[in-house]
Amino acid sequence: MEESPAPPQSPGTETPNSLRFAALYSDLRQLAERQLRRNAGAPISPTTLLHEAYLDMSGKDAVFPDRERFIGYAARVMRGLIIDMVRERRALKRGAAFHITQIPAELGASEGSEVALTRLSDALDELATHDARLAEVVDLKYFCGYTFEDIAAQRGTSKKTVQRDWEKARVILFRQLSDLS
């Protein structure tokens with residue numbers, strides 16, 4: 001697979017985030033590929049997703065203290081872009097969508113149909129309004145692909161605490177997804 005160059009910058013427009021984005025381009029591209037493999041319903045290439053995420057992030061003045069938080073934020077931006085694309089595509093195909101009759105207990109067990117992805121995003125947004133910490137664990141584990149150890153190190157907690165948060169979030173999301181059926 002041919003590596004695409006980082007998004008172009010005009011002279012003098014480099015910000016700390018654009019420099020970090022350029023430095024982490026290959027890692028972010030792998031993240032985009034992983035996101036698209038997990039969410040097969042998205043009609044976009046990894047390079048396009050990555051560049052769309054760059055455009056979205058470049059307009060923000062957020063400061064990220066470390067690499068993990070930057071990649072975590074980029075993963076959330078990519079997830080949002082994928083969700084928006086899937087919703088737009090479903091809006092164009094009204095009536096053509098199918099209904100899922102069973103939700104797997106493991107979040108990562110499904111192939112990521114458009115309906116399941118949209119429902120998961122809605123449930124995750126709802127979880128974030130009630131317990132942002134649990135939603136962050138799901139974002140980092142499911143969407144970023146971090147290990148429990150990585151998340152624990154980033155958050156300054158133990159691996160066991162992160163695992164408990166993951167299990168609690170899975171139970172809450174499963175209940176929310178079951179209630180949406």
Enquirer: Can you tell me how far apart CG (Leu134) and CD (Glu167) are? Round to the nearest 0.5 Å.
Expert: 11.5 Å

Enquirer: Quick check: do Ile151 and Glu136 have side-chain heavy atoms less than 4.5 Å from each other?
Expert: no

Enquirer: Please name the pair of heavy atoms, one in Leu173 and one in Leu124, separated by the smallest distance, quoted to 0.1 Å.
Expert: CD2-N, 3.8 Å

Enquirer: Name all residues meeting the side-chain hydrogen bond (donor to acceptor under 3.5 Å, both in side chains) criterion together with Glu126; count only those two or more places apart in sequence or in a different chain, and write none if there are none.
Expert: His130

Enquirer: Checking Glu68 now: which residues fulfil side chain to side chain contact (heavy atoms under 4.5 Å, CB included) with it, not counting sequence neighbours?
Expert: Asp66, Tyr146, Gln154

Enquirer: Which distance, rounded to the nearest 0.5 Å, do you find between the CG of Leu140 and the CZ of Arg69?
Expert: 9.0 Å

Enquirer: Do Arg29 and Ser26 pair up side chain to side chain, a donor and an acceptor below 3.5 Å, judged on atom types alone?
Expert: no

Enquirer: Is the backbone of Phe70 close enough, under 3.5 Å, to the side chain of Arg20 for a donor and an acceptor to pair up by distance?
Expert: no

Enquirer: Is the backbone N or O of Phe174 less than 3.5 Å from a side-chain atom of Ser178, with the two atoms forming a donor-acceptor pair by type?
Expert: yes

Enquirer: If you round to the nearest 0.5 Å, how far is CD1 of Ile82 from CD of Gln35?
Expert: 4.5 Å

Enquirer: Linking I/L/V/M/F/W/Y whenever any side-chain heavy atoms sit under 4.5 Å apart, do Leu55 and Val77 land together?
Expert: yes

Enquirer: List the atom of Leu81, the atom of Ala53, and the distance in Å for their closest heavy-atom pair.
Expert: CD1-N, 3.5 Å

Enquirer: Is there a side-chain contact (heavy atoms from CB on, under 4.5 Å) between Val137 and Val162? Walk through the geometry before answering.
Expert: CA-CA 7 Å; Val137 169; Val162 173; 4.3 Å; yes

Enquirer: Give the C-alpha distance, both sets of side-chain angles, the deciding distance and a yes or no for side-chain contact (heavy atoms from CB on, under 4.5 Å) between Arg34 and Leu31.
Expert: CA-CA 5 Å; Arg34 190 169 47 241; Leu31 176 64; 3.4 Å; yes

Enquirer: Quick one: are Leu50 and Tyr25 in side-chain contact, heavy atoms under 4.5 Å?
Expert: yes

Enquirer: For Ser45 versus Leu36, what's the shortest heavy-atom pair and its separation?
Expert: C-CD1, 3.5 Å

Enquirer: Measuring from Ile71:CD1 to Phe21:CZ, what's the distance to the nearest 0.5 Å?
Expert: 10.5 Å

Enquirer: Applying side chain to side chain contact (heavy atoms under 4.5 Å, CB included), can you list everything that pairs with Asp84, at least two apart in sequence or on another chain?
Expert: none

Enquirer: I want to check something: taking the side chain as every heavy atom from C-beta on, are Leu120 and Tyr142 in contact at a cut-off of under 4.5 Å?
Expert: yes

Enquirer: Measuring from Arg76:CZ to Asp56:CG, what's the distance to the nearest 0.5 Å?
Expert: 12.5 Å

Enquirer: Of the non-hydrogen atoms in Ser121 and Arg79, which two are nearest, and what is the gap between them?
Expert: OG-NH1, 3.5 Å

Enquirer: To check you understand the geometry: which heavy-atom pair defines the closest contact between Ala169 and Leu127, and what is its length?
Expert: CB-CD2, 4.1 Å

Enquirer: What distance separates Phe148 CZ from Gln163 CD, expressed to the nearest 0.5 Å?
Expert: 5.0 Å

Enquirer: Testing Lys160, Arg133, Arg170 one by one against Asp165 for a side chain to side chain donor-acceptor pair (under 3.5 Å), which residue passes?
Expert: Arg133

Enquirer: Taking all atoms of both residues into account, what is the closest heavy-atom pair of Trp166 and Val138, and its distance?
Expert: CZ3-CA, 3.9 Å

